[in-house]
Amino acid sequence: MTVAFLVAGLVAFVAVLKLFRIVVISRDILGTAQGALRVMTDPDILEEEKETAVRHASGRLLGRFFLIGAVSIAALAAAAAVVWSGSAVGFYDLGEAGRVATGWPFILLSSAGAIAAWYAVDRRAGAAAEGDDSGREVPYSTLDKALHNLAFASPERQR
């Protein structure tokens, strides 16, 4: 029964992360940071413009920091509520749940299961949106984007 509630807590944790679109927030953070770096290293932009752009990016990153923190706290609270409810009903002791949750078998299997579930949900959502190509971005990896930015950072590199 302990493992069932721990798995349900893990499902609640992942569900909250998906519900609040943590991947979109994370991509926005990465894009903002990359944009600020691109501006800072561009020799064609005036220093005043660089300062303004970096200040704007810093404010956006600070806001996203608080947003990702709030989503993380909500996900942890959802998981804790599920695990605590099983203990409150009397199915198990919280100490027992803690011992099971911190054991390597549970950590290994639950991590693999959570990753598999995350990708399964993404794949299913991707298949549902397969027919709708409007506004869809080409799925380049972070490495592809970094290489593109490096290659096109200056006219000299392009030549």
Side-chain angles (χ1 to χ4, degrees), residues 1-40 51-150:
M1 192 59 80
T2 305
V3 173
F5 273 87
L6 288 173
V7 169
L10 182 62
V11 168
F13 181 84
V14 171
V16 169
L17 294 180
K18 281 288 194 184
L19 177 69
F20 286 104
R21 301 168 39 116
I22 198 77
V23 172
V24 173
I25 297 168
S26 300
R27 284 187 182 143
D28 183 49
I29 290 169
L30 183 61
T32 301
Q34 287 175 336
L37 183 61
R38 201 171 23 257
V39 167
M40 290 186 323
E51 183 179 340
T52 301
V54 169
R55 189 178 311 123
H56 175 73
S58 297
R60 185 167 182 81
L61 286 173
L62 182 62
R64 293 297 183 242
F65 167 77
F66 287 118
L67 181 59
I68 208 165
V71 170
S72 299
I73 290 170
L76 288 170
V82 170
V83 173
W84 178 83
S85 67
S87 174
V89 173
F91 288 136
Y92 52 83
D93 179 54
L94 278 179
E96 175 190 350
R99 283 188 297 282
V100 172
T102 57
W104 71 265
F106 182 81
I107 292 172
L108 182 67
L109 293 174
S110 65
S111 297
I115 291 169
W118 187 280
Y119 282 114
V121 169
D122 277 353
R123 188 174 287 237
R124 185 172 177 196
E130 192 74 23
D132 180 24
D133 287 341
S134 61
R136 210 163 111 185
E137 189 177 313
V138 178
Y140 290 112
S141 71
T142 304
L143 182 61
D144 292 335
K145 291 177 185 177
L147 182 60
H148 175 87
N149 291 338
L150 177 67

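The structure presented is a predicted model; accordingly, all values stated were derived computationally and were not measured.
Shortest non-hydrogen contact noted between A75 and L17 is CB-CD2, 3.8 Å. Between W84 and L94, the shortest heavy-atom distance links the atoms CD1-CD1, 4.1 Å. Across all their heavy atoms, F13 and A79 have their closest contact at CB-CB, 4.0 Å. Residues I25 and F20 share a closest heavy-atom pair of CD1-O, 3.5 Å. Here the shortest heavy-atom pairing between A53 and V39 reads CB-CG1, 3.8 Å. For L6 against A97, the heavy-atom pair with the smallest separation is CD1-O, 3.8 Å.
Under the 3.5 Å distance criterion, the side-chain polar atoms of Y92 are left unmatched by any main-chain donor or acceptor of V3.
Contact of the H56 side chain with the T52 side chain is not registered, since no non-hydrogen atoms from C-beta on lie closer than 4.5 Å. The shortest distance between side-chain heavy atoms of F91 and S85 does not fall below 4.5 Å. Looking only at side-chain heavy atoms (C-beta outward), F106 and T2 stay at 4.5 Å or farther from each other.
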When the side chains of residues 59-68 are checked against the rest of the protein, which donor-acceptor pairs come out under 3.5 Å, sequence neighbours left out?
{"unit_1": "R60", "atom_1": "NE", "unit_2": "D28", "atom_2": "OD2", "d": "3.4"}
{"unit_1": "R60", "atom_1": "NH2", "unit_2": "D28", "atom_2": "OD1", "d": "3.1"}
{"unit_1": "R60", "atom_1": "NH2", "unit_2": "D28", "atom_2": "OD2", "d": "3.0"}
{"unit_1": "R64", "atom_1": "NE", "unit_2": "D28", "atom_2": "OD2", "d": "2.6"}
{"unit_1": "R64", "atom_1": "NH2", "unit_2": "D28", "atom_2": "OD2", "d": "3.4"}

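With rounding to the nearest 0.5 angstrom, the CG atom of L10 is 14.5 Å from the CZ atom of F5.
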